[in-house]
Amino acid sequence: MKQRYLKNVVTLELDPGKCIGCGMCLEVCPHQVFRLESGKAQMDNRDGCMECGACARNCPTEAVSVRAGVGCAAAIIFGKLRGTAPCCGESGAGSGTGCG
Amino acid sequence: MEDSNKIQAAPCCGTDNSKNKGTCTCTLSNMDTVKSAFPIIGSINTPAGIVPQIATRLTFQDILDTWKARWDINRMDYRILPGLYAVGLPDSKSPVLVSANYKMSFDRLRQELGGLNLWILVLDTKGINVWCAAGKGTFGTNELVNRIALSRLAEVVAHRRLILPQLGAPGVAAHEVLRLSGFKVVYGPVRAADIVKYLNNGLKADTGMREVRFGFKDRLVLTPVELTGALKPALIVLGLLLIINIIFHGSLAVFQVLSRTLTDFLPFLGTAIVGAFLVPALLPYIPGRALAWKGWLLGLLWIGAYLWFLIPSRNWMHASAYLLILPPLASYLAMNFTGATTYTSLSGVLTEMKVAIPAQIISVGLGVLLLIAKWTVLGP
Ligand code: SF4
Ligand code: SF4
């Protein structure tokens, strides 16, 4: 069963003007967000995006942008308490968050 | 097989960087240290020096380590020395796989590779898995380019292609690696279990191999860590309940005070199990999308059932206080499972937290006030 998360919240953007249709974003995306249509990438399943940032990092022309980060509540809370960026670094946030 | 591939797909991470033992490439002089971490069965001579050859069968110790890591016992000790390793008898034309130096990821990969001849380049990800390390950038372009240079990979193999786990992609810019090292990065399957199929397919991943799944077993293996995480707050609650019972019933026999405390603790225990175990296990079947909501809903059902069936003498203040306090706790625990899911986005989590956290705090606060009011009027 496929999980669905909140609608219309992600920051993923695609600039078709910059896309050269290399297909890299399709290769790296773990949620099949993109599709190649007549030599250009298209967002098929934008709400499926988990903002991992793989597509933006690997797009050679910077046609894709996304605010990447860990969607992890504990990490965000610990980050806020410590005044750092939301990152589940130290042991406190790490345990209890199911991090591998 | 499905479950053993899970952790690679678990976002969010935990490590104590101070425990990082530094970077070192694997040379013969440090092979003794390596041996203690996993079986080295031989060595291969290459133009870049001696490369340790590793076993593809897991020992009992390896399996024990995996089990312990799942329960959060000493999980930071499971790291592999970064550097180049050989599987079988690879030569200059053999493929190169890239992995993290988290022992579980590495074990999962090597146990799939029986009968193959290839190289594994282990990056220094401070002992955390590919996915988390990629998110943090330790499984990243810089580390990869440095590790290629340090291991003198260009002298070991004649080709210029690296196979990376797809989940490493958030940290690595393939085009940058090509520019900086001359090696072309291709992304292999998400799951180590598909790697042989991928290699035999001529490095083609079908859609299934590219997709992160989050099935029942995947979720279940993550719950021990969630439960361990809920243990500490649960013990604090237990301690508080004990103190309250000693204050109000100090005149009773010790046994009675303890039994009252345990009875009071039952709804909290149930809530912890709901938030840390039931919500993850039943995730897709609970209506709604936000995890905080799912936790609240299940918590409410549990407390409703508890009050209805287990507390015969229902007092409305007592019941309302429990309905105000406990579902938000389940909601909070469930919300924390966003750290382990493979589909929740940062923006989504921020969106739900913006509503959930104030609601949780207000609800628990009102509940506690009501409890105090009830105690002052009626006694506990
Ligand atoms: S990676 Fe960039 S250039 Fe390539 S197809 Fe995707 S958007 Fe287009
Ligand atoms: S950020 Fe990740 S999940 Fe979202 S579209 Fe890009 S690769 Fe896919």
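As the structure is a prediction and not an experimental result, all values here were calculated from the model. Numbered from 1 within each chain, the chains take letters A, B, ... in sequence-line order.
Neither the backbone nor the side chain of A:Cys22 comes within contact range of chain B, judged by heavy atoms closer than 4.5 Å. Residue contact with chain A, scored on non-hydrogen atoms closer than 4.5 Å, is absent for B:Leu333. Looking at B:Val177, neither its backbone nor its side chain comes within 4.5 Å of chain A, counting heavy atoms on both sides. When heavy atoms are compared at a cutoff of 4.5 Å, A:Cys55 does not approach chain B at all. When heavy atoms are compared at a cutoff of 4.5 Å, B:Thr207 approaches chain A by way of both its backbone and its side chain. Contact annotation for B:Leu231: neither backbone nor side-chain heavy atoms come within less than 4.5 Å of a heavy atom of chain A. Residue B:Glu176: no heavy atom, backbone or side chain, is found under 4.5 Å from chain A.
Listed here is the closest heavy atom pair of B:His175 and A:Arg57: CE1-O, 3.4 Å. Here the closest non-hydrogen pair linking A:Asn58 and B:Tyr187 is OD1-OH, 2.9 Å. A:Arg67 approaches B:Leu346 most closely through the heavy-atom pair NE-CD2, 4.1 Å. In terms of heavy-atom proximity, B:Ser345 sits nearest to A:Cys49 at CB-O, 3.7 Å. Residues A:Cys52 and B:Pro170 approach most closely at O-CB, 3.3 Å, considering heavy atoms. Here the closest heavy-atom approach between residue A:Leu6 and residue B:Ala290 is recorded as CD2-N, 3.8 Å.
B:Arg210 places a side-chain N or O within 3.5 Å of a backbone atom of A:Glu27 that can act as its donor or acceptor partner. Proximity of a side-chain donor or acceptor of B:Gln166 to a complementary backbone N or O of A:Val28 within less than 3.5 Å is detected.
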